[in-house]
Amino acid sequence: MTVRTRFAPSPTGYLHVGGARTALFNWLYARRHGGKFILRIEDTDEKRNTAEAHQVIYDGLKWLGLDWDEGPDMGGDYGPYRQSERSQIYAGHVYEDGGSIRFRSPRKPVVLEDMVCGRIEFDMSNPATHPDMTIRRPDGSFIFHFVNVVDDIEMKLTHVIRGEDHLSNTPKHIELYNALGEKPPVFGHIPLILNHEGKKLSKRDGGSSITYFMEHGYAPEAVANYLCLLGWSPGENREKLTMEEILALFDIDKINRRNAIFDLDKCFWLNGQHILSMGFDRFVELAKPFVEKAGIAYGSEAALLAALTIVKPKVKHLSDVPDWIGFLFTEEFAFDPEAVEKSLKKAGAAGRLQALIAALTKLEDWSHASLEAALRETATTLGVKTGELVHPARVAVSGRSVGPGLYEMFVVLGKERTLARFARAASMAAA
RNA sequence: GACCCUAUCGUCCAGCGGUUAGGACACUGCCCUUUCACGGCGGUAACACGGGUUCGAAUCCCGUUAGGGUCGCCA
């Protein structure tokens, strides 16, 4: 039997991180077991059903690195994959017409063997606690519980991994499977993601939508990694994992049953870790769109790559890259008043910069090692600490007190531009 | 209210009958250092409570409390 899992979002206009994690777990389960991962859009509620809302789902999943084998955009053997196009299929399962239709519960105990929660027995005998559910409205449209079950049957899904908010609905779904003469799939109800107040993460909470991470310069692999860690652990205190590692280690049996609070701080940290360890090509791939969007006139590709190289070890948000490299491509960069005050306006700064200009002008080998040696030697000659040269030089060249390595900046700027910036700064510096 | 799930540092995750209760984020002290980061070495900080079972319980059972979820002609 081929494993078939699915992600069945409703197009609400944004992809919730909880939904994204559900998709991720389903995807992982399918990929681990050589199965298929299906995307089905539950758009029966037409008033919030727009093309843009569908696109947000596609974009979010693709961004996270999740691919699907069947879906509305690509078709498949069990389509259509939009519920709004499946009315005839649903109608084929009921025969009465007129008025709303309810499903009569057999009122027998229902036992659920959940992959995550274990065995749960539901007592369905009390109609007050478990009222017969409506499956079709008077206008002929069908209700979630019914279409969800029918679609899962029709699409031959074998495993349903979903949020724990569906746990209490599951006995109803099982009754439906039984009534339709079908064997229920294997269920796995994963814990929910909560906000800092311990409530369900809502639209208003920062980082509740995948779009947030796309826009704020997160690496997809970092977000996927973080999402996995909510409710799951590979053991051995491992945390930073690549997708390949997650795929190799992921095990649905090891998912815990506690709701987890979403911690943007930790996701941020993980993002920095991933950026630090990713290959340079990947970094360029992820950073370049932000550079383009910011409209930085970086000239040649080689110049951009040189800039990105010296900045990669420092970047925590890919969206910060333009700010990190901007000063390298223009003489119009801003001077941070505080940095100017602290380094350039310090007594003797102008003289020290002049000394540095003199020393570096003579330098033929404009390399990191040679530059460092020259600067240190100048400091010795002047009888000052290296910092007395380093700090004004940094501000002279970049306008601020924080940035990439000093000599790296010199090298990227080249001799001429570096010395010109020194000269300009010397004129604004204190004698 | 009824039903279901859950309960280890502020947060995430380990722990599955015998541990000085471990790791990570955050906070913080020191070191490294040309800035900022990174990194290294430390620190603060937890088994919700009450009963059992057991020689022994964070681990098993029951109860209480707390939190979450579900009880729609939303999905």
Side-chain angles (χ1 to χ4, degrees), chain A residues 8-12 19 41-45 47-48 83 99-102 112 114 116-118 120-124 126 128-131 133-148 162-172 189 191-194 196-200 226 228-240 254 256-270 272-273 275-277 311 313-316 324 339 342-343 372 375-376 379 385-395 398 400-409:
Chain A
S10 96
T12 57
I41 304 287
E42 307 220 332
D43 58 350
T44 54
D45 185 5
K47 51 184 175 291
R48 55 184 184 186
Q83 285 186 334
S100 61
I101 294 180
R102 280 179 188 270
L112 166 66
D114 193 276
V116 178
C117 300
I120 303 171
E121 195 168 332
F122 296 89
D123 177 2
M124 306 298 283
N126 185 358
T129 309
H130 299 278
M133 67 182 136
T134 306
I135 60 173
R136 197 167 83 149
R137 304 182 186 91
D139 69 2
S141 62
F142 293 89
I143 305 296
F144 161 74
H145 302 293
F146 185 70
V147 296
N148 192 266
R162 45 158 49 158
E164 199 205 81
D165 48 345
H166 286 299
L167 188 58
S168 298
N169 290 148
T170 305
K172 292 189 226 178
H189 289 89
L192 268 20
I193 299 180
L194 275 22
H196 275 289
E197 277 74 55
K199 306 288 181 197
K200 247 173 123 171
Y226 179 71
C228 273
L229 260 22
L230 258 23
W232 176 75
S233 160
E236 299 173 334
N237 288 328
R238 295 183 67 183
E239 294 200 311
K240 209 213 102 195
K254 276 165 54 190
N256 69 31
R257 303 159 77 173
R258 271 189 82 185
N259 290 163
I261 290 172
F262 191 92
D263 184 12
L264 201 49
D265 279 342
K266 184 144 185 180
C267 188
F268 171 72
W269 170 78
L270 211 43
Q273 294 293 309
I275 290 174
L276 213 50
S277 65
V311 118
K314 309 284 182 175
V315 170
K316 295 298 211 47
W324 274 97
K342 208 173 156 198
S343 299
E372 180 166 1
L375 184 138
R376 287 185 185 282
K385 287 193 280 190
T386 17
E388 296 297 318
L389 292 180
V390 165
H391 298 302
R394 172 176 291 285
V395 177
S398 70
R400 46 178 96 169
S401 55
V402 177
L406 185 66
Y407 310 110
E408 281 89 340
M409 291 195 287

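Not measured: the values here are computed from a predicted model. Below, chain A is the first sequence line, B the second, and so on; all start at residue 1.
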Enquirer: Considering every strand and a 4.0 Å limit on heavy-atom distances, what is the contact class for A:Ser233: base, sugar-phosphate, or nothing?
Expert: sugar-phosphate

Enquirer: Need the pair for B:rU11. Rule: Watson-Crick or G-U wobble, both distances under 3.5 Å, any strand; none if unpaired.
Expert: B:rA24

Enquirer: May I ask you to evaluate whether A:Arg238 reaches the phosphate of B:rG23, defined as a side-chain N or O under 4.0 Å from OP1 or OP2?
Expert: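 Result: no.
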
Enquirer: Compare all side-chain heavy atoms of A:Thr170 with those of A:Ile120 and state whether any distance is below 4.5 angstrom.
Expert: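 When only atoms from C-beta onward are counted, A:Ile120 and A:Thr170 do not touch, as no gap falls below 4.5 Å.
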
Enquirer: When the C1' atoms of B:rG63 and B:rU44 are considered, how many whole Å apart are they?
Expert: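 So the two C1' atoms sit 35 Å from each other.
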
Enquirer: Please report the distance separating the P of B:rC31 from the corresponding atom of B:rA45, rounded so that it comes out in whole Å.
Expert: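 Nearest-Å result for B:rC31 against B:rA45 at atom P: 23 Å.
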
Enquirer: What's the gap between B:rC41 and B:rC32 when it is taken at their C1' atoms, as a whole Å value?
Expert: 11 Å

Enquirer: Please tell me which of the listed nucleotides, B:rA75, B:rC12, B:rU34, lies nearest to the side chain of A:Arg137?
Expert: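 Minimum distance to the A:Arg137 side chain belongs to B:rA75.
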
Enquirer: Assign each of A:Lys266 and A:Thr134 to its nearest nucleotide of RNA chain B by heavy atoms, then name whichever residue's nucleotide is nearer the 5' end.
Expert: A:Lys266

Enquirer: For residues A:Glu239 and A:Gln273, determine if any side-chain heavy atom of one lies less than 4.5 Å from a side-chain heavy atom of the other.
Expert: no

Enquirer: Side chain of A:Asn169 only, heavy atoms from C-beta on: which candidate in B:rC4, B:rC71, B:rG23 is closest?
Expert: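 Of the candidates, B:rC71 comes closest.
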
Enquirer: Checking base pairs now: Watson-Crick or wobble, both atom distances under 3.5 Å. What partners B:rC41?
Expert: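 Base partner found: B:rG29.
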
Enquirer: Is there a side-chain contact between A:Leu112 and A:Leu167 (heavy atoms, below 4.5 Å)?
Expert: yes

Enquirer: In whole angstrom, what separates A:Asp139's CG from B:rC74's P?
Expert: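 Interatomic distance, CG of A:Asp139 to P of B:rC74: 9 Å.
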
Enquirer: Using a 4.0 Å heavy-atom cut-off across all strands, classify A:Leu276 as base, sugar-phosphate, or nothing.
Expert: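 If one applies the 4.0 Å heavy-atom cut-off, A:Leu276 turns out to touch the sugar-phosphate alone, with no base involved.
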
Enquirer: Check whether the side chain of A:Glu236 and the base of B:rG23 form a donor-acceptor pair under 3.5 Å.
Expert: no

Enquirer: Evaluate A:His145 against A:Ile135 for side-chain contact (heavy atoms from CB on, under 4.5 Å), listing each step before the verdict.
Expert: CA-CA 7 Å; A:His145 302 293; A:Ile135 60 173; 5.8 Å; no

Enquirer: Taking the P atom of each, how far is B:rC38 from B:rG29, in whole Å?
Expert: 15 Å

Enquirer: Given B:rC36, B:rA24, B:rC71, which nucleotide is nearest the side-chain atoms of A:Lys314?
Expert: B:rC36

Enquirer: At under 4.0 Å between heavy atoms, what does A:Leu406 touch on the DNA or RNA strands: base, sugar-phosphate, or nothing?
Expert: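 The residue A:Leu406 makes base contact.
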
Enquirer: Using the P atoms only, state how far B:rA2 lies from B:rA58, rounded to an integer number of Å.
Expert: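 Rounded to whole Å, the distance is 32 Å.
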
Enquirer: Any non-hydrogen side-chain atom of A:His189 less than 4.5 Å from a side-chain atom of A:Arg162?
Expert: yes

Enquirer: Which residue lies toward the 5' end of RNA chain B, A:Asn237 or A:Gly198, if each is placed at its nearest nucleotide?
Expert: A:Asn237

Enquirer: Which listed nucleotide (B:rC36, B:rC73, B:rU35) is nearest to the side chain of A:Trp324?
Expert: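 Side chain of A:Trp324 sits closest to B:rC36.
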
Enquirer: For B:rG68 and A:Lys199 - does any side-chain N or O of the residue sit under 4.0 Å from the phosphate oxygens OP1/OP2?
Expert: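 The answer is yes; a side-chain N or O of A:Lys199 sits under 4.0 Å from OP1 or OP2.
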
Enquirer: Is the phosphate of B:rU35, meaning OP1 or OP2, less than 4.0 Å from a side-chain N or O of A:Ser401?
Expert: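 For B:rU35, neither OP1 nor OP2 has a side-chain N or O of A:Ser401 closer than 4.0 Å.
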
Enquirer: Whole-Å distance between B:rC25 P and A:Asp265 CG?
Expert: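 To the nearest whole Å, that distance equals 11 Å.
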
Enquirer: Hey, does A:Lys172 have a side-chain heavy atom less than 4.5 Å from the side chain of A:His130?
Expert: no

Enquirer: Nearest to the side chain of A:Leu230, which nucleotide is it out of B:rC12, B:rC3, B:rA75?
Expert: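 Output: B:rC12.
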
Enquirer: Say you pick atom C1' in B:rA21 and the same atom in B:rU8; how far apart are they, in whole Å?
Expert: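 Result for the C1' pair: 8 Å, nearest Å.
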
Enquirer: Please determine if a side-chain N or O atom of A:Asn256 lies less than 4.0 Å away from the OP1 or OP2 oxygen of B:rC13.
Expert: yes

Enquirer: State which of B:rC38, B:rU70, B:rU34 makes the closest approach to the side chain of A:Ser168.
Expert: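 Comparing B:rC38, B:rU70, B:rU34 against the side chain of A:Ser168, the answer is B:rU70.
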
Enquirer: Mind checking A:Gln273 for me? I need base, sugar-phosphate or nothing, with any heavy atom below 4.0 Å counting as a touch.
Expert: sugar-phosphate

Enquirer: What is the distance from CG of A:Asp165 to P of B:rC74, rounded to the nearest Å?
Expert: 17 Å

Enquirer: Both distances under 3.5 Å, Watson-Crick or G-U wobble: report the partner of B:rC71, or none.
Expert: B:rG1

Enquirer: Can you tell me whether the side chain of A:Arg257 and the base of B:rU6 have a donor-acceptor pair closer than 3.5 Å?
Expert: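 Between B:rU6 and A:Arg257, which were checked side chain against base, a qualifying N/O pair under 3.5 Å is absent.
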
Enquirer: Closest approach to the side chain of A:Glu164, judged atom by atom: which nucleotide of B:rU34, B:rC5, B:rC73 is it?
Expert: B:rC5

Enquirer: Are A:Met124 and A:Pro171 packed together at the side-chain level, in the sense that at least one heavy-atom pair is separated by less than 4.5 angstrom?
Expert: yes

Enquirer: For B:rU59, what is the paired nucleotide under Watson-Crick or G-U wobble rules, both distances under 3.5 Å?
Expert: none

Enquirer: C1' atom, B:rC61 versus B:rG42: distance in rounded Å?
Expert: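 So the two C1' atoms sit 42 Å from each other.
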
Enquirer: Measuring only between side-chain heavy atoms, which start at C-beta, is A:Ser10 closer than 4.5 Å to A:Asp43?
Expert: no

Enquirer: Working to the nearest 0.5 Å, report the span between OH of A:Tyr407 and CG of A:Leu375.
Expert: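 One finds 4.0 Å between OH of A:Tyr407 and CG of A:Leu375.
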
Enquirer: Using a 4.0 Å heavy-atom cut-off across all strands, classify A:Arg376 as base, sugar-phosphate, or nothing.
Expert: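 Here A:Arg376 touches the backbone only, sparing every base.
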
Enquirer: Would you mind classifying the nucleic acid contact of A:Tyr407 as base, sugar-phosphate or nothing, using non-hydrogen atoms under 4.0 angstrom?
Expert: base

Enquirer: Does the base of B:rU35 carry an N or O that pairs as donor and acceptor with the side chain of A:Lys342 under 3.5 Å?
Expert: no

Enquirer: Please tell me if the side chains of A:His391 and A:Ser401 come closer than 4.5 Å, counting only heavy atoms from C-beta onward.
Expert: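 The answer is no; the side chains never approach within 4.5 Å.
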
Enquirer: Regarding A:Pro131, tell me which of base, sugar-phosphate or nothing describes its non-hydrogen contacts under 4.0 Å with the strands shown.
Expert: sugar-phosphate

Enquirer: What is the distance, rounded to the nearest whole Å, between atom CZ of A:Phe144 and atom P of B:rA75?
Expert: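 Nearest whole value for this atom pair: 8 Å.
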
Enquirer: Taking atom C1' in both B:rC60 and B:rG23, compute the distance separating them and give it to the nearest angstrom.
Expert: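 Looking at atom C1' only, B:rC60 and B:rG23 are 26 Å apart.
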
Enquirer: Write down the distance between CZ (A:Arg136) and C1' (B:rG72), rounded to a whole number of angstrom.
Expert: 18 Å

Enquirer: Base, sugar-phosphate, or nothing: which does A:Gly405 touch, judged by heavy atoms less than 4.0 Å apart?
Expert: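 Here A:Gly405 touches the bases of the nucleic acid.
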
Enquirer: Given that both distances must come in under 3.5 Å, which nucleotide forms a Watson-Crick or G-U wobble pair with B:rC47?
Expert: none

Enquirer: To the nearest Å, give me how far apart CZ (A:Phe146) and C1' (B:rC73) are.
Expert: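 Between C1' of B:rC73 and CZ of A:Phe146: 14 Å.
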
Enquirer: Tell me which nucleotide among B:rU35, B:rC4, B:rC74 gets nearest to the side chain of A:Ile143.
Expert: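 Given the options B:rU35, B:rC4, B:rC74, the side chain of A:Ile143 is closest to B:rC74.
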
Enquirer: Under 4.0 angstrom, heavy atoms only, what part of the nucleic acid is A:Lys240 near: base, sugar-phosphate, or nothing?
Expert: nothing

Enquirer: Just checking A:His145: base, sugar-phosphate only, or nothing, at a heavy-atom cut-off of under 4.0 Å?
Expert: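 If one applies the 4.0 Å heavy-atom cut-off, A:His145 turns out to touch a base.
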
Enquirer: Any strand counts, and the cut-off is 3.5 Å on both contacts for Watson-Crick or G-U wobble. Which nucleotide pairs with B:rU53?
Expert: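 B:rU53 is paired with nothing.
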
Enquirer: Whole angstroms only, please: what is the CZ-C1' distance between A:Arg258 and B:rU8?
Expert: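 Rounded to the whole Å, the gap is 8 Å.
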
Enquirer: In whole angstrom, what separates A:His166's NE2 from B:rG68's P?
Expert: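 Between P of B:rG68 and NE2 of A:His166: 19 Å.
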
